[in-house]
Each structure stands twice: as C-alpha cells, then as structure tokens.
Amino acid sequence: MAEEPADDARRAALRDRGRRWATTAGSILLALLVGAVLMIVSDPDVISQYAYLFTAPQLALGASWTKVAGAYSALLAGAVGSPAALAATAWQAAPLIAAGLGVGIAFRAGLFNIGAQGQAIWGSIAAAYVGFAWSLPPVVHLLVAVVAGVLFGAVWGGIVGLIKAKTGAHEVIVTIMMNFIAASSLAWLLLTPAFLRPGRIDPLAPPIQPSAAFPVIYGQLHVGFLVALVAAAIVWWLMERSTIGFAIRAVGSNASAAATAGMNVAGTTMVTMAISGALAGLAGVMYALGPGANAVATPLSLGLVGSVGFDALTVALLGRSRPVGTVLAGLLFGGLHSGGLAMQSLAQTPLTLSTVLQALIVLFVAAPAIVSALIPKVRAPRRPALVGGEA
Amino acid sequence: MNHTSGGLQLAGITKRFGSFTAVDSVDLEVRPGEIHCLLGENGAGKSTLMNVLYGLLKPDEGQIVIDGSPQNFTNPRQAMAAGIGMVHQHFMLVDPFTVAENLMLGREGGFVLAKDAARQRVRELGERYTMPVDPDAVIEDLPVGVQQRVEILKALANDAQYLVFDEPTAVLTPQEIDDLMAVMDRLRSEGRAIVFITHKLREVRAVADRITVMRRGRIVGQAAPTASEAELAEMMVGRAIDLRVAKEAAAPGEPRLVVTGLKVANTAGGIVVDGVDFDVRAGETLCIAGVQGNGQSELVDALLGNVTPLEGTVTLDGTDITRATPRQTIDAGMGFVPEDREADGFVAPFTIAENLVLNRSNQAPFAHGLALDLAEIDRNAVALREEFDIRAQSVHDPISSLSGGNKQKVVLARELSRPLSVLIASQPTRGVDVGAIEFLHRRIVSERDKGTAVLLVSTELDEVEALADRVLVMYRGRVVGIVSPDTPREVLGLMMAGVPLEDAQGAPRPGKEENHG
C-alpha cells in the first residue's frame with residue numbers, strides 16, 4: 001500500500017497518543033464499573049434487596065449505591081484523602097515504581113522479565129542483612145544497604161541475561177525458575193543462624209538498625225520514594241540520552257539490524273537484565289528499609305516483598321514501559337493499595353477488590369477494542385502495543 | 001476492442017488516506033484475453049488501486065464494473081466471487097501447510113476436510129497450466145518460484161477471470177521469470193485478463209498488450225509495448241532518466257579485500273560457501289552474480305562477521321578479519337548494505353537520524369562517554385538528508401514512514417558517511433524505484449572512484465552489467481568463473497546454472513523456448 005507522507009504519520013502518532021490516554025482513562029472507568037458490580041453481587045445484604053427490585057426498586061438501588069459509594073469514597077479517601085493517605089500511597093508506590101521501571105526497561109529490549117519478584121527478594125535479603133547485621137555510621141549504613149540490595153538484584157537479573165546470551169534459553173522460563181529459587185533461598189536463609197532472630201525459631205530476621213532505614217519525611221512518606229523518582233529520571237536519561245539506551249532500544253526493536261550494525265546483542269541482553277534486576281532489587285530495598293505506619297521498617301520475613309514483582313508487570317504495562325508512565329501507574333496502583341486498606345477497614349470491602357481493579361485496568365488497556373466498544377467516544381489506538389517495538 | 005460489453009472497468013476510483021490521496025480518480029479498463037501492465041514507481045498507487053479492486057480497501061469515490069454490472073466489494077470474498085484473483089507480492093500462504101491444504105483455505109466446506117479432492121484439484125490445475133506442483137509438499141520447503149505457482153493455482157481454483165499479479169517477478173530468478181511469463185501467456189490465450197503490476201521495464205515490454213503508467217496516484221498515460229525503455233521510464237518518473245550508469249573505466253589498485261579458501265556453513269550445518277577465492281581491488285567493483293540462494297548471502301554474512309567461517313581467510317588491507325565481529329569489521333572500514341534492508345538494514349521505529357548513526361552510536365562524534373550527542377546526530381542527519389536527497393520532511397520522522405528507495409538511501413548514506421576500505425552491497429536496488437536506482441548506482445560508482453573496493457551482490461543482470469568491472473559467478477557455493485561484464489548474457493546465464501565459462505561459450509543456447517525478448 002502507498003506510504004502516507006510523513007506529516008500524516010506524525011499526526012497519526014499524535015492522534016494515537018491522545019487515544020492511548022483516552023483508552024487508559026476509559027479503562028480505569030470501566031474497571032471501577034465492573035468493581036461496583038462485583039461489590040453488589042458479592043454482598044448478601046445488598047443482593048437480598050434485589051428480591052424487591054420490581055416492587056420497590058429504590059431499596060435495591062439505594063442499597064447498591066450506599067455500598068458502592070461507601071467503598072469507593074473510602075478507597076479515594078484512603079488513597080488521596082489526607083496528607084497521611086497521600087504518604088501511604090507514596091509508600092506503596094515507591095517499590096512499584098522501582099520494579100516497574102525494571103520490567104519496563106526489559107520490555108524495551110524485547111525481554112519479558114517475569115523475574116522481578118526473585119530479584120526483589122534478593123534485594124530485600126541483601127539490604128536487610130546489611131541493615132541488621134552490620135554496624136556502620138548513619139548515612140553510610142543506609143547507602144551500603146541500598147547498594148547491596150541493588151547489587152544483588154542486578155546479579156540475580158544478570159544471571160538470567162548471561163544464561164540467555166550463552167545458551168539461548170528463553171528468559172521467561174529462566175526468570176520463573178529463578179523466582180522459585182529466590183523464594184526458597186529466602187525461606188532457607190531465614191532459618192540459618194545468620195538471619196534467625198535470637199530467641200526465635202520462626203522465620204523472622206532481626207529488625208534493621210535505625211541507621212539503615214530510609215529517613216521519614218512525613219507519615220509513611222520516606223526518602224525511598226524520592227529514590228524511586230530519581231531512579232525514574234536516571235532510567236529516562238539512560239534510555240533516551242545514552243548509548244546504552246540506544247543499544248537497548250535498537251536490540252529490542254530489531255535485534256538483527258542491531259547486530260548487523262555492529263552492536264553486541266548478547267552483551268546488551270546481559271546489561272539490560274542486570275539493570276532490570278537492579279531496579280527490581282531496589283524495590284526489595286524499599287520494603288526492607290522503608291519505615292511502615294509505625295515508623296519502623298518491617299523485618300525480613302517470607303512475605304516481605306508481597307507480590308511486587310508481578311505487580312510491577314502491570315505497572316510497566318500500564319506505564320507503557322516509559323519512565324513517566326511508570327511513575328504515574330505506580331502512583332495509581334499504590335493508591336489502589338493504600339486506598340484498598342482503608343476500604344477494607346472502613347467499608348468492609350475486601351482488599352482483594354483493589355487487586356481486581358488493578359488487573360481489570362491493565363486488561364482493558366491491553367484490549368483497547370473492549371474499551372472503544374463500551375465507550376463509543378473512545379477510539380482505539382491503531383497500535384495497541386504495550387511493550388517493546390515502539391522503541 | 002472486440003469485447004465492448006465484457007471486461008472490467010474501474011471508473012473514477014479515488015482512495016484517500018487522511019489528507020493523502022493515494023489514488024486520484026483513476027479510470028482503467030481491462031479486457032478479457034489481454035495482459036494489461038500497470039507500470040509505476042513504488043508508491044505511485046498501483047497496489048492501492050488493486051487493493052480497492054480486490055475488496056481490501058473501500059474506495060472513497062468511483063465504481064467497479066464487471067461485465068456490465070456495477071460491483072460494490074466490501075471484502076475479498078466478494079471480489080473472488082466476481083471472478084477476481086490476486087497473486088500477492090508477499091504470498092498469502094500458510095507456511096507449515098501443504099499445497100493442497102493451502103488451496104482449501106477459506107473453502108473448507110463441511111466439517112470433514114476434503115483433502116483428496118483438494119489434492120486432485122492441484123494436480124488437475126497443475127497439468128492444465130503446466131505448472132506441476134506436488135500437492136503434498138509443505139509450502140515452507142518449496143522454492144519461492146514454486147510458492148508463487150501455488151498462489152496462482154489458488155486464484156485459478158476459484159476460476160478467476162481477472163488475475164492481478166502484484167510485482168510477481170520481484171522474488172524470482174531469471175529462469176523462474178521466464179516460466180512465469182509462459183504461464184501468463186497461457187492464461188491470456190484462454191481468454192483470461194491479467195493485470196500485471198511492475199516497475200521493471202524490460203518485463204513490461206516483453207509481455208504487455210497494453211501499458212498504463214501511474215504516477216503519484218494518477219494515470220499519466222498509456223503506452224504501446226513497442227515504446228522504448230527510456231520513454232517508459234520518463235513517463236513513470238516524470239523526467240528523463242538515464243538508464244545507463246555513466247562511469248569511467250576502473251583504475252584498479254592494490255587488492256584490499258582478499259578472500260582465500262572460504263568455507264561457510266548455514267545454521268543447519270550444510271556447506272553453502274565451498275572454498276571461495278577472490279580479491280577486490282581498490283577502485284574496482286566486483287559483482288557477484290548468481291541465482292539467489294547459491295551462497296551469496298552466507299558469503300557476505302561471513303565477510304561482515306555475522307557468521308564465523310569454517311575454513312579460509314579474509315584479509316582487509318592486509319589485516320586478518322576472518323574471525324572478526326561485525327563491530328571489528330565495521331571499525332576496520334567495511335561498509336555493509338544488507339540484502340534484506342527491512343530485516344537487517346535499519347530499525348523501523350527509530351528516526352531517520354537515529355538510523356543514520358546506527359553503527360556508530362557509541363563513537364565520537366555522536367557519543368561522549370555514555371552520553372549521546374543529540375545535536376551532532378541531528379547535524380549529521382540534516383547534512384546526509386541533503387547530500388543523499390532523502391525525501392523526508394523531518395529527520396525525526398520514523399524511517400518506517402519513508403518509501404523503499406528512501407529507506408535504502410538512508411542505509412547507503414549511513415555506510416558512505418565515513419571513510420571506507422571496502423563497500424559490500426547486497427541487492428542494493430531491490431524494491432527501489434527507478435529514480436532512486438539511478439541515484440544509488442551513481443553513489444556506488446563514485447565510492448569506487450574514491451578508491452574503495454566495492455563488492456556488489458546482485459541477481460539482476462541489468463545491475464551487474466551497469467556496475468561491474470569484473471563479474472564473479474557463483475553457483476552452489478562455488479565460483480564458476482570470474483569474467484568481464486561484456487560477457488554475453490546467454491553465457492552469464494549458463495554460468496549461473498553452473499556451466500563453466502569454456503563450455504558456456506561453446507554451447508548453443510539450450511533450454512526452453514523464449515517467449516519474450
């Protein structure tokens with residue numbers, strides 16, 4: 001077919017960008033609608049009112065409204081309703097942003113890093129160990145702990161890159177297996193004398209020393225959040241302004257052309273996986289060194305990092321692997337987490353609903369045709385591609 | 001002329017993409033029993049027009065009339081039902097399926113697959129048009145020429161009366177082109193009509209009954225098959241075109257690229273380059289001629305360093321580069337224009353500016369340490385756009401928005417924008433329009449004149465004759481001979497089939513009857 005002239009291409013790109021934003025907004029709206037339906041059908045008290053739907057519809061609709069409005073206003077209040085809520089959102093967002101950046105950078109090299117979970121686990125292990133076992137001067141202690149966590153994440157990710165580059169093994173398989181190994185290593189380490197809290201036999205490490213914790217700025221907002229933003233800025237510079245990012249984007253878009261132009265594809269794969277792992281490791285560091293609601297960092301335990309590695313996939317997808325998008329997506333999902341906690345305690349709506357909302361948003365973004373079918377004003381972008389390929 | 005009511009008419013067809021009019025009120029008439037050539041450069045709107053005819057695109061204006069009745073196709077199925085068949089440039093075949101299975105696609109009918117019937121149909125059609133194809137062969141195992149036959153058979157299985165061949169010869173060897181022309185001739189004599197889309201002038205004159213020339217979405221005129229190539233080229237491009245490349249005699253100097261006893265295996269382990277020796281001297285162009293798939297691609301891959309040879313040595317200006325990586329060969333002064341530019345030549349989503357520094361992105365002046373020098377990258381791009389006449393509004397547009405010829409100009413501009421010892425160009429003008437071919441050829445010649453050793457791989461004898469100072473003919477991984485470019489075409493053709501020079505010169509031209517000049 002005939003090529004469109006370049007200005008048309010540019011206009012189309014702009015239009016696509018607008019449509020992507022519209023799609024994202026539409027996705028969030030639809031996810032909230034589906035969430036509302038779920039809340040209504042899962043609440044026996046509300047659903048019982050539906051027996052009178054035709055005789056007294058105001059009962060059913062009123063109960064539904066009360067339920068949904070109550071839950072969502074609690075969600076909103078818990079996410080952004082007060083300075084404390086905002087701080088809690090920032091606390092949740094920091095590791096999501098860090099790991100999301102890591103997954104996104106891998107996406108742009110054409111790699112699916114499913115292993116952010118394992119890399120985050122190693123990040124948390126290393127940071128926590130330095131935090132509780134070593135005694136160092138205040139600022140130095142924090143720096144060393146952060147660097148240790150980032151380094152272990154980088155190594156755990158770099159191993160995947162090495163295996164892929166040397167043997168051609170697919171990174172998805174390798175990272176999934178590495179996740180199991182990381183989780184099991186943590187379980188084993190927690191029972192070794194080096195990690196076991198004196199006097200305890202359950203898998204719980206000693207608390208980290210205050211000198212290794214991220215300083216609190218306000219409420220749950222700690223310096224780690226700023227570190228995540230700085231990481232986003234560094235990733236932006238790396239991808240858009242550095243030779244490494246140039247190679248990563250080239251390899252991700254067309255490895256064959258990159259190789260023909262003399263780039264080291266295997267080396268780029270390794271470097272990318274190491275950077276990706278370093279950022280996921282930083283997410284683990286956030287959990288290990290970030291003071292929680294009681295202003296004390298949670299000690300290392302089996303579930304410390306939660307499911308950050310998998311949440312990071314959704315963050316990177318929603319953020320389209322771009323640093324700014326990732327920060328925004330991290331804040332959104334961080335808000336859903338912190339708001340979800342408020343919703344659970346204030347509106348008796350399970351926290352899992354916020355996980356469902358998160359999944360629905362990404363699902364709708366990934367399938368823009370659904371959004372444009374349900375909201376006619378929203379036109380799907382021509383290329384719904386979420387990852388790689390766009391350079 | 002004798003069929004007044006019958007035939008296919010396109011009346012006032014207009015197709016716009018956004019503000020861009022790809023096809024602008026085009027009238028075209030195709031009569032049964034004729035081969036109607038639609039000639040035009042890439043991007044002239046030929047394929048768009050045919051996609052409208054085939055129901056793939058909906059015209060904004062105009063009408064399609066077949067045998068007197070107006071049609072309104074919204075999908076290819078309707079077009080097929082009306083007797084239109086299309087042989088696509090990029091085959092629409094399912095590679096892991098057999099020939100018979102591909103023929104069944106889209107008309108599987110009931111629940112049980114009628115495989116035997118499909119096999120039978122393949123044999124019948126193959127016999128009728130002397131295009132024998134094994135119905136049980138798997139598509140991906142077949143040579144390109146045979147795959148194309150399957151495409152044609154698919155259209156014929158539908159009993160298509162109007163066949164559109166979209167750039168059918170682009171992927172074929174000279175022999176396969178001869179076969180295709182014979183098939184087209186038979187179809188014509190059966191009373192079917194053929195629309196033959198091409199930008200190759202020689203072919204047009206060989207088979208066309210009528211020629212319609214398109215330029216920038218409009219029909220610019222009709223021509224008789226007796227028109228000269230220069231006249232046709234001028235109509236296509238809109239200005240006089242010099243088809244001959246003006247070049248001085250070569251002044252070859254010292255050998256710069258020396259290849260001895262080179263052996264290369266493909267990924268399956270088969271020896272595809274088998275003991276090749278040659279050298280390329282400063283200031284000369286050595287052309288590697290041969291039918292595609294005789295080891296040329298693997299040879300140049302090994303020279304670049306993408307593949308490590310099994311045996312032999314390669315030296316560049318006396319330095320051994322046999323086992324060098326592409327990074328090292330590039331830094332040693334090797335310029336490389338890959339055969340498949342979409343796959344290996346550029347990164348499609350990257351901008352023109354980025355693609356122009358693809359192989360030097362981490363070197364001065366485009367990088368200082370880790371940081372890219374965006375200003376310098378831009379400056380380089382703007383200068384090269386000017387020098388190489390790259391038709392782009394902005395160097396920040398993605399290269400994918402350019403035409404084939406302009407993409408190739410970007411690739412060549414990148415390679416020629418630094419001092420080279422040797423330039424290796426594979427099929428540098430494949431899929432490139434006439435105007436750009438002229439330009440690319442001139443640049444390659446001027447690079448030769450600068451003292452660079454030029455190694456050109458081409459399957460097109462026109463190009464070989466135009467550019468070569470010496471011609472190396474390759475067949476099944478071996479050098480059949482190195483001859484002068486004045487060697488008669490018949491002799492070169494025989495050598496490309498593996499006949500040594502002495503025998504080729506002695507033998508009368510064997511093989512099937514020629515049906516075109």
Side-chain angles (χ1 to χ4, degrees), chain A residues 1-17 107-110 168 234-268 271 275 320-322 382-383 385 387-391, chain B residues 15 17-20 22-23 42-48 51 56-57 217 304-306 325-331 336 338 340-351 354-355 357-363 366-367 369-372 374 392-394 396-398 400-404 414:
Chain A
M1 287 182 217
E3 286 91 359
E4 301 176 29
D7 61 333
D8 271 13
R10 232 186 338 256
R11 213 172 301 141
L14 263 175
R15 196 172 54 226
D16 267 7
R17 178 179 284 198
F107 274 153
R108 295 189 77 184
I234 293 174
V235 166
W236 178 86
W237 185 85
L238 204 63
M239 293 308 291
E240 307 300 332
R241 292 286 183 273
S242 84
T243 57
I244 295 175
F246 191 92
I248 289 175
R249 290 187 288 127
V251 168
S253 303
N254 185 347
S256 176
T260 303
M263 292 179 190
N264 182 345
V265 175
T268 305
V271 168
I275 298 174
R320 296 199 156 78
S321 305
R322 300 299 192 280
R382 284 186 311 171
R383 289 160 302 160
V387 297
E390 298 175 69
Chain B
K15 177 69 197 171
F17 297 107
S19 62
F20 172 64
V23 173
N42 291 326
K46 303 168 303 215
S47 295
T48 307
N51 284 332
L56 284 167
L57 293 173
L304 177 70
N306 255 339
T325 62
R327 173 83 273 147
Q328 290 163 326
T329 55
I330 290 167
D331 289 345
F336 191 80
D340 186 343
R341 91 183 141 254
E342 301 278 340
D344 304 319
F346 56 81
V347 177
F350 272 30
T351 64
E354 288 176 317
N355 272 296
V357 297
L358 202 61
N359 55 9
R360 286 196 288 166
S361 61
N362 57 356
Q363 295 170 2
F366 305 121
L370 270 185
L372 293 170
L374 294 187
Q393 290 198 339
S394 158
H396 300 294
D397 288 333
S400 52
S401 67
L402 299 184
S403 71
R414 175 180 72 217

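Residue numbers begin at 1 in each chain, while the letters A, B, ... track the order of the sequences.
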Can you say whether [X] sits under 4.5 Å from chain A via the side chain, the backbone, both, or neither, judging by heavy atoms?
X      : result
B:L358 : both
B:Q328 : neither
B:F346 : backbone
B:S361 : both

All side chain to side chain contact (heavy atoms under 4.5 Å, CB included) counterparts of A:T243, not counting sequence neighbours:
B:N362, B:A367, B:L370, B:L372
Does B:N359 have any side chain to side chain contact (heavy atoms under 4.5 Å, CB included) partners at least two apart in sequence or in another chain, and if so, which?
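In terms of side chain to side chain contact (heavy atoms under 4.5 Å, CB included), with neighbours along the sequence ignored, B:N359 is linked to A:A261, B:I330, B:R414, B:E415, B:R418.
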What residue, out of A:A250, A:A247, A:G245, has the most heavy-atom pairs lying under 4.5 Å from chain B?
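Looking at each of A:A250, A:A247, A:G245 in turn, A:A250 comes out on top.
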Output yes when a side-chain donor or acceptor of A:N254 lies under 3.5 Å from a complementary backbone atom of B:A343, and no otherwise.
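Side chain of A:N254 to backbone of B:A343, a donor-acceptor pair under 3.5 Å: yes, one is there.
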Could you report the tightest heavy-atom contact between [X] and [Y], atom names first, then the distance?
X      : Y      : answer
A:A257 : B:G345 : CB-N, 4.3 Å
B:P326 : A:A259 : CB-O, 3.6 Å
B:E354 : A:F246 : O-CZ, 3.4 Å

